[in-house]
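Every value quoted in this text rests on a predicted model; they were computed, and no experiment measured them.
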Amino acid sequence: MADPARLSGAHTILLATYFCAKGNPSSLPQLQARSPATLTTERLLRIILTFLPESTEPKEYIPVVQALTDGQPTSKSQDVDISPVQDLSEDAARKRVRKIRLLPLRYPGDEDSQDPTDLLTQFLIHRAHRIDSETSLQPLILDLLLPFYQRSPVLRTWLVSCLLPLLRFNYEYYPSQDKSCSVETLESLGDQTATDILLSISGTPKNDTDLIKNLRGLVGPWMYGSSRPKRQRLSEAVRRNSIPLQGNTQDDKYSGWQYVNEWLLSRSLVDPEAVVGAFVNWDGPEDVDLGGYVDENEGLSAEQLKELRYRFGQTGLAVIYQSPEVSLDKSICILDRVGSLLNLEEPLSTSNTSALPSVEFDASQIQSASRATLFQNALLLPTNPLTYPSSSSVAFLSGLLLSLRTLAELGHSIPCRTATNICLHSNEDMQLFELRSLMAAIGQQAKSGRDWRTVRQQILWLRDWKSVTDRSESNPDFHGLFWRAPQDVLEAEILKVFLEVREYILAIDIYINSDSALKPAQVENAIKEYVFAAYDNASNGNRTRGKMQRAHEILQAFQPHFPESTSLKQAQALISATHALSFYSLTLQHGVPFQPVSLRVHPDPLSLIEKVLDQNPKSYTKLDDLLSIGRNLVLAGFAPRLADQTTSHSHYTRAPVLSQDDALITAERRIMSLAISSALASNDFGTAYSYILTRLAPQTSSSTPPPSSLKDDITWRAVYNAGRYRPSADASTPPTLSSQIGNLNQRMELLSLSLILAPTPDPLPEILGAWRRADEELSALRARESEEEDLWDTKGDNTTATSRILPGGFNPTQFDPEADLYETRQHHARRAARAAQHNRLDSEEAPMGLFEVARGAARALHKNVNSSFPLSGALPSASSLSSSISKLESEGGSWNGNGDGENPGASGSGQEGERVRKRDVVSNMVTGGLASGIGWVLGAQPVNMNNRQ
């Protein structure tokens with residue numbers, strides 16, 4: 001074997017490269033010992049880095065590296081095989097050396113090795129990159145670094161922050177991944193990106209074990225290298241490219257863990273179970289696994305560790321505010337964990353006592369939080385008063401969580417963020433809206449056996465977060481969920497809940513029989529509001545069903561305690577009217593069925609009775625029931641409308657001011673008018689005639705109109721319309737002459753009554769004209785009747801005479817002249833009796849005949865004799881007409897009521913048996929007296945007064 005001392009420098013370099021390329025670097029120390037000037041330590045390390053295969057086991061060359069870097073003496077007596085280069089000439093050796101391109105000892109992009117004399121660190125880091133890029137055998141890197149990592153802090157930091165996470169990620173935690181993460185890839189990542197990758201690789205959702213393992217074993221070691229220059233450069237580039245938040249004074253030494261906090265906050269929106277598990281079972285940035293290579297928390301001061309703990313606790317509070325998916329129980333666990341981790345006072349939410357405690361905190365500090373503090377990008381700011389851990393923020397959040405738990409027990413669950421906005425950023429109206437939503441939920445989800453006194457205490461606690469013992473104190477530090485809502489309004493809402501769940505006795509005991517925040521007037525108003533709310537929501541008007549039954553029960557329970565309450569009386573009357581209407585079929589416009597609320601919103605509820613009459617046949621026969629409905633509507637506060645004189649009675653205008661008595665009278669008049677019209681429309685003149693005589697007609701002919709200060713423009717129209725009624729012709733059963741006369745007498749009587757009831761003389765021409773036409777028709781019917789009777793009598797006489805002369809007659813008085821005289825006298829007697837009967841019927845069928853017409857006309861004229869009647873000068877005075885009628889009656893002899901009688905003046909004329917009827921006398925008087933005035937309306941011809949003498 002040749003002596004290596006005879007080798008030139010070029011041959012020595014080529015021999016060293018040959019040994020490394022063959023994977024036998026053990027001779028390198030001997031070569032260095034024989035040619036130290038040529039084979040320097042740096043050159044040999046570069047030769048090893050360039051030519052030694054990366055797959056070579058580190059144990060094969062670690063002693064060589066140690067010997068080279070430590071400068072240990074090597075024995076020169078050891079043989080070195082120089083055969084690979086001994087045949088090369090010097091020129092050839094030099095030429096080959098010039099072609100060799102050795103890798104630099106420092107890895108490009110390595111910013112950690114700042115000391116140029118630290119050749120070992122530079123070599124090892126570069127060798128580690130070469131091994132990873134060429135073989136991806138990262139365990140070989142660990143074997144390479146283990147003998148040396150304690151020599152250099154840079155090497156130790158690189159091992160813990162870069163290699164250790166890679167080994168765990170690729171070989172221990174997730175070995176089944178399709179692709180492994182390389183050293184180069186991890187080295188190029190900033191803190192935020194690396195955090196996302198290392199944490200997002202966690203297993204299935206809701207698996208907090210994987211998340212905690214990654215936080216301890218991957219993120220924890222990675223964060224150990226946050227002070228490396230390259231990592232800081234990348235983080236600074238990220239900060240320059242992002243918009244900083246106002247108030248974000250994030251320090252570089254906390255930025256890495258702040259990214260972890262932000263990731264946990266974002267992850268809580270999609271995987272709340274895993275995040276909650278991490279907060280409960282992980283102790284934060286201090287709980288990391290660095291593999292034992294360095295001490296945990298090495299390089300962090302006590303102040304820095306405290307700040308990291310507080311920021312981790314702030315993340316827990318932010319998760320409670322941010323994520324609606326985190327359950328209430330989990331939120332309470334997080335709050336308890338934050339309190340114990342930061343050695344704060346035990347949060348109130350962990351209290352197991354049934355009584356709700358008082359929550360006291362610095363309200364001024366908490367109230368400074370704006371709506372922006374609840375945005376996700378502001379929850380982790382150290383200046384956020386809601387999330388940065390303090391005695392006030394923890395106490396306030398405890399109060400919120402206790403409120404959420406109380407709301408959940410009451411059946412109204414809301415997120416923590418919503419509760420925060422209600423408490424801090426809602427005005428009185430918004431808080432009252434949420435409060436009423438709560439009350440509606442309590443009423444709808446009422447449970448049997450619930451202690452409603454406790455429910456009331458819970459609701460009162462929600463307002464001010466005061467215990468029962470502290471409620472009497474006035475302390476501004478007490479600040480509840482509904483603190484803007486006045487206490488009396490809150491108590492009124494509680495009262496409505498009691499009414500909803502039928503706790504009437506308890507409500508009476510608390511709000512009527514004992515002292516409370518509600519005054520009697522407020523209690524009455526709350527009862528009224530609930531009754532009308534139940535009424536408006538009812539779908540059926542029957543007071544034994546649904547909401548109507550609820551409203552009726554409440555009135556029955558509370559009205560005795562408010563006997564003078566007008567509103568409750570009105571509610572009772574409204575329910576009674578609605579209940580009565582429910583028994584009729586009633587459909588409003590467009591086929592909408594009647595509902596109770598329709599009555600309340602209708603501009604004229606009394607007009608619904610007209611629809612009842614139209615849609616329910618024969619309903620006009622239930623007049624008393626309809627009148628009762630109308631009275632209750634008036635008592636319920638619905639003022640009736642007065643008929644417009646220029647239109648039909650179905651059009652009404654609002655009365656200006658009506659007393660209750662006048663309103664009742666007006667309502668009864670309207671309903672009576674509607675019932676009469678419905679009866680006439682049903683061709684039931686008899687019922688309409690009966691209603692008028694029994695309910696509208698005065699007791700005597702000299703009666704005065706109904707005692708009311710209102711002008712009655714309804715009643716006379718109904719009577720007048722009935723007087724003008726003509727029955728429809730029925731071909732199957734044509735009316736007889738006597739029935740036509742009877743109907744005409746009744747119509748004339750109604751026309752006479754309408755004349756009496758007319759409030760002004762304006763309708764006199766129309767009424768008298770209708771009456772006169774009826775009188776003429778009656779006279780024609782009377783004449784027709786007399787003709788038929790005479791014809792019948794004549795026919796009978798002819799039949800008798802014929803029977804006497806025909807053969808076959810066996811009458812013994814057949815040719816007796818005395819018998820013929822006797823028979824003739826019998827015929828005359830029968831005719832006289834029939835005439836007397838006609839006169840009597842004429843009297844009985846027209847109890848309000850012409851005398852009443854004349855008297856009514858006189859009375860109507862007397863009402864306004866000197867005012868608006870246009871032809872009053874041409875008419876006989878009302879007093880003279882009335883006195884004439886009275887004189888006629890006094891001279892009439894034996895008058896029978898309003899029937900016919902004998903006229904003594906007429907009997908003195910020498911005409912025996914001649915009878916003058918009152919109708920003829922009065923008819924002549926009216927015709928003659930009104931001919932020059934309103935007689936033209938009646939169609940009367942001028943009469944020569946001298947000829948009447």
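Between D362 and S364, the side chains place a donor N or O and an acceptor N or O closer than 3.5 Å (distance only, hydrogens not considered). Donor-acceptor pairing under 3.5 Å is recorded for the side chains of N542 and T544. Side-chain atoms of E524 and S565 include a donor-acceptor pair closer than 3.5 Å. For the residue pair Y584 / D625, a side-chain donor-acceptor distance below 3.5 Å is found, with atom types taken as modelled. Checked by atom type, the side-chain pair T373/S370 shows no donor-acceptor distance below 3.5 Å. Neither side chain, S403 nor W461, offers a donor N or O lying under 3.5 Å from an acceptor on the other.
L424 contributes atom CG, which lies 7.5 Å from atom CG of N421 (distance to the nearest 0.5 angstrom). The CD1 atom of I332 sits 10.0 Å away from the CG atom of L397 when rounded to the nearest 0.5 Å. Note that OG of S678 and CD1 of I609 are 12.0 Å apart. Values are rounded to the nearest 0.5 Å. Here the OG-CD distance, from S392 to Q367, works out to 11.5 Å after rounding to the nearest 0.5 Å. Rounding to the nearest 0.5 angstrom, the gap separating the CD1 atom in I459 from the CG atom in L438 is 5.5 Å.
No salt bridge links D662 with R669; every basic N to acidic carboxylate O contact stays at or beyond 4.0 Å. The pair D624-R695 counts as a salt bridge, with a side-chain nitrogen and a carboxylate oxygen less than 4.0 angstrom apart. We find that D604 and R670 are joined by a salt bridge, their nearest charged nitrogen and carboxylate oxygen being less than 4.0 Å apart.
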Practice prompt. Start with the C-alpha gap between Q376 and S266, add the side-chain angles, then the distance that decides, and say whether side-chain hydrogen bond (donor to acceptor under 3.5 Å, both in side chains) holds.
Written response: CA-CA 8 Å; Q376 182 176 349; S266 299; 2.9 Å; yes
Using atom types as modelled, flag every donor-acceptor pair under 3.5 Å from a side chain in residues 495-502 to any protein atom, sequence neighbours excluded.
{"from": "K496", "atom 1": "NZ", "to": "E529", "atom 2": "OE1", "distance (Å)": "2.6"}
{"from": "E500", "atom 1": "OE1", "to": "Y530", "atom 2": "OH", "distance (Å)": "2.2"}
{"from": "R502", "atom 1": "NE", "to": "E553", "atom 2": "OE1", "distance (Å)": "3.2"}

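Between the side chain of S268 and the backbone N or O of V319, no donor-acceptor pair lies under 3.5 Å. Using a distance-only test at 3.5 Å, with no hydrogens or angles considered, no donor-acceptor pair links the side chain of N525 to the main chain of A521. Using a distance-only test at 3.5 Å, with no hydrogens or angles considered, no donor-acceptor pair links the side chain of T418 to the main chain of I414.
Paired with I422 under the rule side-chain contact (heavy atoms from CB on, under 4.5 Å), one option of E434, R417, R484 passes, and it is E434.
Partners of H412 under the ring-ring contact (aromatic ring centres under 6.0 Å, His included) rule, at least two apart in sequence or in another chain, do not exist in this structure.
Listed by first and then second residue, the ring pair (Phe, Tyr, Trp, His ring centres under 6.0 Å) pairs that reach into residues 533-579 are H579-F583, sequence neighbours excluded.
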